[in-house]
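The basis for the numbers below is simple: all heavy atoms, side chains too, and nothing from hydrogens, waters or symmetry mates.
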2 protein chains.
Amino acid sequence: MRGSKSGYALGGHDHKPLYAQVRDLIRDNIQRGDWGPGKLLPNEFELGRQLGVSQGTVRKALDLLARDQIVIRQQGRGTFVNQHTPAEVLFRFFQFRDEHGERVVPTSRAIHTRRGKATRLEADRLELATGAPVIRHVRVRAHDDRPFVYETLVLPEALFSGLGRDGKLPNTLYDRFQKEFGITVDHADEQIGTQAADGQAARMLDIAVGTPLMRIDRRTIAIDGAVIEWRVSLCHMAGLHYAVRVG
Amino acid sequence: MRGSKSGYALGGHDHKPLYAQVRDLIRDNIQRGDWGPGKLLPNEFELGRQLGVSQGTVRKALDLLARDQIVIRQQGRGTFVNQHTPAEVLFRFFQFRDEHGERVVPTSRAIHTRRGKATRLEADRLELATGAPVIRHVRVRAHDDRPFVYETLVLPEALFSGLGRDGKLPNTLYDRFQKEFGITVDHADEQIGTQAADGQAARMLDIAVGTPLMRIDRRTIAIDGAVIEWRVSLCHMAGLHYAVRVG
DNA sequence: GAGTGGTCTAGACCACCCT
DNA sequence: GGGTGGTCTAGACCACTCT
């Protein structure tokens with residue numbers, strides 16, 4: 001057993017459980033692009049046969065991947081690689097709500113996109129070497145024609161070569177990350193604080209200098225654990241709030 | 001099968017899977033206090049025998065409860081009802097960090113505790129009838145002798161009769177909820193926004209009127225789904241941030 | 001009807017904890 | 001050494017989807 005009949009390298013000398021090895025193998029296949037977004041995976045028995053493990057072990061691996069939203073399981077249809085859509089990404093990662101608790105659907109206006117070398121701070125946050133090439137994108141997001149988010153995105157050029165060469169980035173980035181660069185987003189870690197609007201932010205958000213803003217410092221993590229984005233958003237929260245769950 | 005041999009009411013006419021029925025039954029036992037915090041549960045085979053289901057089904061139920069942190073499983077020892085400790089509760093629900101990303105351990109100073117009838121807003125947030133008896137507690141929390149959170153807690157009197165009669169509430173409430181009132185916290189939903197300090201907040205936090213504050217509006221939910229607390233915190237974030245994970 | 005994931009069972013062996 | 005949870009397997013049946 002233990003995958004000896006398989007072309008894959010299961011078993012080996014580590015002590016990870018079989019189901020964890022199967023999960024990692026499938027996840028790596030997806031991360032490498034061998035199985036693209038939306039693709040139907042082989043069924044549980046077929047995967048088990050290929051890997052030399054039982055169907056129950058494959059099931060446990062797939063259940064873990066489904067929990068992390070890396071695959072989608074549908075009874076009677078099969079198991080599919082999760083395909084990020086603009087709507088789904090917005091739902092997962094854009095948590096602004098209005099006074100009635102309704103989700104805010106923002107528009108986006110690019111200010112500029114520029115390439116440069118990572119500062120010490122940027123390198124630290126993106127886990128790059130200082131001076132590594134990065135892409136910086138600045139934009140303003142609006143709701144009901146009122147600008148309310150002024151944000152700077154910093155991306156490692158190595159992961160996104162060519163992105164935004166035409167000066168334009170889409171409203172929702174994460175689905176494009178997956179489609180064009182094979183990078184699937186897992187989650188984002190955020191540090192939330194406050195700060196008063198400086199001149200630049202006040203101009204961009206059409207508010208008075210000194211207006212209280214919410215500052216969201218986000219690091220976005222891919223399913224292989226790599227940091228793929230650092231984003232600082234200054235938000236004018238009048239009538240809005242940011243919804244999170246803790247515990 | 002299907003629990004016909006058991007004194008418990010498994011099976012019945014609903015279509016919930018067996019493992020979900022087992023999970024709910026165990027969770028209800030805990031919520032009712034039949035199995036108190038820290039108690040060792042019967043082992044998987046014994047539970048299965050009592051309920052007339054297989055060990056594998058019990059295992060699936062317990063795994064779900066462990067995922068929700070309602071029980072703690074320890075290989076070689078057994079499965080225990082999760083016991084909220086002040087440290088664990090602070091770790092799960094108090095997400096302020098300092099500039100180095102280190103967790104902030106706050107002190108607490110009570111301003112007052114008063115009883116009253118729920119306003120429309122309070123009733124709405126706590127899912128009570130307007131006029132239902134509530135307990136209101138106001139306090140200031142400090143870090144390194146600097147006050148940084150001024151907050152008002154509103155609790156349904158029906159759930160916490162007698163709480164704070166002596167005018168004092170502990171620094172961490174949620175472990176006391178469990179120990180003294182048999183209420184186990186599941187999670188909290190928060191709405192985060194900003195506002196400028198008014199006179200009262202400025203006085204309490206020793207800052208100037210108009211200083212940007214973070215406003216956290218938290219509703220705390222028990223494992224049976226009941227809303228057990230509404231809390232509004234005004235936070236002076238100088239040098240601090242609030243850490244959350246999204247996605 | 002064929003194929004898929006979802007549930008449930010039964011049994012084996014392993015890793016870990018305690019005494 | 002005895003008891004516990006953790007892993008893995010094998011097989012049965014059910015619910016759902018598609019053709």
Checklist entry - Does B:Gln21 use its side chain to pair, donor to acceptor, with the backbone of B:Lys16 at less than 3.5 Å? => result yes
Item to check | Any B:Lys60 side-chain nitrogen or oxygen under 4.0 Å from OP1 or OP2 of C:dC8 | outcome: no
Checklist entry - Just to confirm, is there a sub-4.0 Å distance from OP1 or OP2 of D:dT9 to any side-chain nitrogen or oxygen of A:Thr57? => result yes
Checklist entry - Between D:dA15 atom P and B:Lys16 atom NZ, what is the distance in whole Å? => result 17 Å
Item to check | Carboxylate-amine/guanidinium proximity below 4.0 Å for A:Glu122 and A:Arg125 | outcome: no
Checklist outcome for this item: In whole angstroms, the gap separating C1' of C:dA2 from CZ of A:Phe45 amounts to 14 Å
Checklist entry - To the nearest angstrom, how far is A:Leu41 atom CG from C:dG3 atom C1'? => result 16 Å
Next on the checklist: I want to check one thing: is the phosphate of C:dT7, taken as OP1 and OP2, less than 4.0 Å away from some side-chain N or O of B:Tyr19?
Outcome noted: yes
Checklist entry - Is the backbone of B:Gln69 close enough, under 3.5 Å, to the side chain of B:Asn82 for a donor and an acceptor to pair up by distance? => result yes
Next on the checklist: Here's a test of your reading of the structure: between B:Arg59 and A:Val58, which maps to the more 5' nucleotide of DNA chain D?
Outcome noted: B:Arg59
Next on the checklist: Let's see if you get this right: which residues in residues 63-79 of chain B place a heavy atom under 4.0 Å from DNA chain D?
Outcome noted: B:Arg73, B:Gln74, B:Gln75, B:Gly76, B:Arg77, B:Gly78, B:Thr79
Checklist entry - Quick one: is the NZ or CZ of B:Arg103 closer than 6.0 Å to the six-membered ring centre of B:Phe91, and within 45° of its axis? => result yes
Next on the checklist: Below 30° counts as parallel, above 60° as perpendicular, anything between as tilted: where do the rings of A:Phe160 and A:Phe177 land?
Outcome noted: tilted
Item to check | Gap between atoms CZ and P, on A:Arg49 and D:dT9 respectively (whole Å) | outcome: 15 Å
Checklist entry - Checking all strands, does A:Glu44 fall into the base, sugar-phosphate, or nothing category for heavy-atom contacts under 4.0 angstrom? => result sugar-phosphate
Identify each donor-acceptor pair in which a side-chain atom of residues 58-67 of chain A lies under 3.5 Å from a protein atom, sequence neighbours left out, and give them as a table.
unit_1	atom_1	unit_2	atom_2	d
A:Arg59	NH2	A:Glu44	OE1	3.0
A:Arg59	NH2	A:Glu44	OE2	3.4
A:Asp63	OD1	A:Arg73	NH1	2.8

Next on the checklist: Rounded to whole Å, please give me the gap between CZ in B:Phe80 and P in C:dC17.
Outcome noted: 12 Å
Next on the checklist: Under a 3.5 Å cutoff, is there a donor and acceptor pairing between the side chains of B:Thr220 and B:Tyr174?
Outcome noted: yes
Item to check | Under-4.0 Å side-chain N/O to phosphate OP1/OP2 contact, A:Asn43 with C:dG3 | outcome: no
Checklist entry - What is the distance from CD of A:Gln55 to P of C:dT9, rounded to the nearest Å? => result 16 Å
